[in-house]
Amino acid sequence: MGLVTCDVTVSSDGFCAGPNQCLETPLGEGGEKLHRWQLERTEENTAEIAAITEASAFIMGLNMFGPPEQALESDWSGWWGDNPPYHAPVFVLSHHPRPTLRLDGGTSFQFVTRGIHEALSEAKEAAGEGQVAIAGGANTIVQFLNEGLIDELRLHIAPIQLGKGEAITVETIESHMDRYSRRETSLATHVYYRRRR
């Protein structure tokens, strides 16, 4: 089996999304500034950008798939349009069943109602020898961290402050994982962690 990985971008004060997330502002107020390093400085961050989608299966929370009022609607297909960037099976944690959604490029969204362990089991089976990535959001990542289920986490810290929103702090990560590397670019500091044995 491959590794279970996670990439998450946070502000310098520990938020991976700003306040008031909704259909118009999916990353919350100011949250789009978190990802400038991916969009404006691709040449500085090539390896980190590539690593985000190199897994063979993904797991995400329902709020990452869509706003609560729309995510379970039959015509909602996610934030990414007809060809999402995953190109692999994506297992969405949900309290309500929904049929599997198959989109262009090999992405499928499968809705798992029996919790993180069931989602991980299904994702590992789908990934085979490949990696499984925990895609977010913060609540989902923290659940996997608390259960010791993430092997490697790549934390991308953007030099902005959001003040409030969805939080995942360095302290939360370092209570479960050991830092082993760090690299700075102009719009992000990349910090690498491994699961504590």
Distance (rounded to the nearest 0.5 Å) between Ile134 CD1 and Asp7 CG: 11.0 Å
With salt bridge (Lys or Arg N to Asp or Glu O under 4.0 Å) as the test, would you mind laying out the steps for Arg195 and Asp151 before giving the verdict? CA-CA 5 Å; Arg195 180 162 56 94; Asp151 297 308; 3.1 Å; yes
Could you report the tightest heavy-atom contact between Thr42 and Ile49, atom names first, then the distance? CA-CD1, 3.8 Å
Determine whether Trp76 and Pro67 make a side-chain contact, defined as any pair of heavy atoms from C-beta on separated by less than 4.5 Å. yes
Which heavy-atom pair separates Val10 from Cys16 by the least distance, and what is that distance? CG1-CB, 4.0 Å
Quick one: does Val191's side chain get under 4.5 Å of Arg182's, heavy atoms only? yes
Check the pair Ile52 / Phe58 against side-chain contact (heavy atoms from CB on, under 4.5 Å), numbers first and verdict last. CA-CA 10 Å; Ile52 292 171; Phe58 298 82; 6.0 Å; no
Is there a side-chain contact between Leu145 and Ile141, using heavy atoms and a 4.5 Å cut-off? yes
Does the side chain of Pro89 come within less than 4.5 Å of Ser108's, by heavy atoms? yes
Do His95 and Leu62 touch side chain to side chain, with heavy atoms closer than 4.5 Å? no
Heavy-atom nearest pair, Met60 first then Val90, reads CE-CG1, 3.7 Å
Leu27: which other cluster members, linking ILVMFWY side chains closer than 4.5 Å, directly or transitively? none
Give me the atom names and distance for the closest heavy-atom approach of Arg98 to Ser74. NH2-O, 3.4 Å
N/O donor-acceptor pair under 3.5 Å between Ser94 side chain and Pro97 backbone: no
Test ring pair (Phe, Tyr, Trp, His ring centres under 6.0 Å), reference Phe65, set Tyr86, Phe111, Phe91, output is Phe111
Tell me if a side-chain donor or acceptor on Gln21 pairs with a main-chain N or O of Pro26 at a distance below 3.5 Å. yes
Determine, step by step, whether Phe144 and His176 satisfy the side-chain contact (heavy atoms from CB on, under 4.5 Å) criterion, reporting the C-alpha distance in whole Å, the side-chain angles of both residues, the deciding distance to 0.1 Å, and the verdict. CA-CA 10 Å; Phe144 277 89; His176 301 281; over 6 Å; no
Under 3.5 Å donor-acceptor, Glu166 side chain and Ala138 backbone: yes
Working to the nearest 0.5 angstrom, can you tell me the gap between Gln161 CD and Ser11 OG? 7.0 Å
For His190, which residues count as a ring-ring contact (aromatic ring centres under 6.0 Å, His included) partner, sequence neighbours excluded? Trp37, His156
Could you check whether any side-chain heavy atom of Leu162 comes within less than 4.5 Å of a side-chain heavy atom of Leu34, counting everything from C-beta outward? yes
Looking only at heavy atoms, which two atoms of Val112 and Glu122 are closest? And how far apart? CG2-OE1, 4.0 Å
Is any side-chain heavy atom of Gln38 closer than 4.5 Å to a side-chain heavy atom of Asn45? no
Just wondering, are more than 12 heavy atoms of other shown residues or ligands nearer than 6.0 Å to CG in Asp104? yes
Inter-residue atom distance Ile160.CD1 - Thr9.OG1, 0.5 Å rounding: 10.0 Å
Quick check on Gln70: does its CD atom have over 12 non-hydrogen neighbours (other residues, nucleotides or ligands) under 6.0 Å away? yes
Looking at Arg183 and Glu48, what are the two nearest heavy atoms and their distance? NH2-OE1, 2.8 Å
Heavy atoms, side chains only, cut-off 4.5 Å: are Leu149 and Gln143 in contact? no
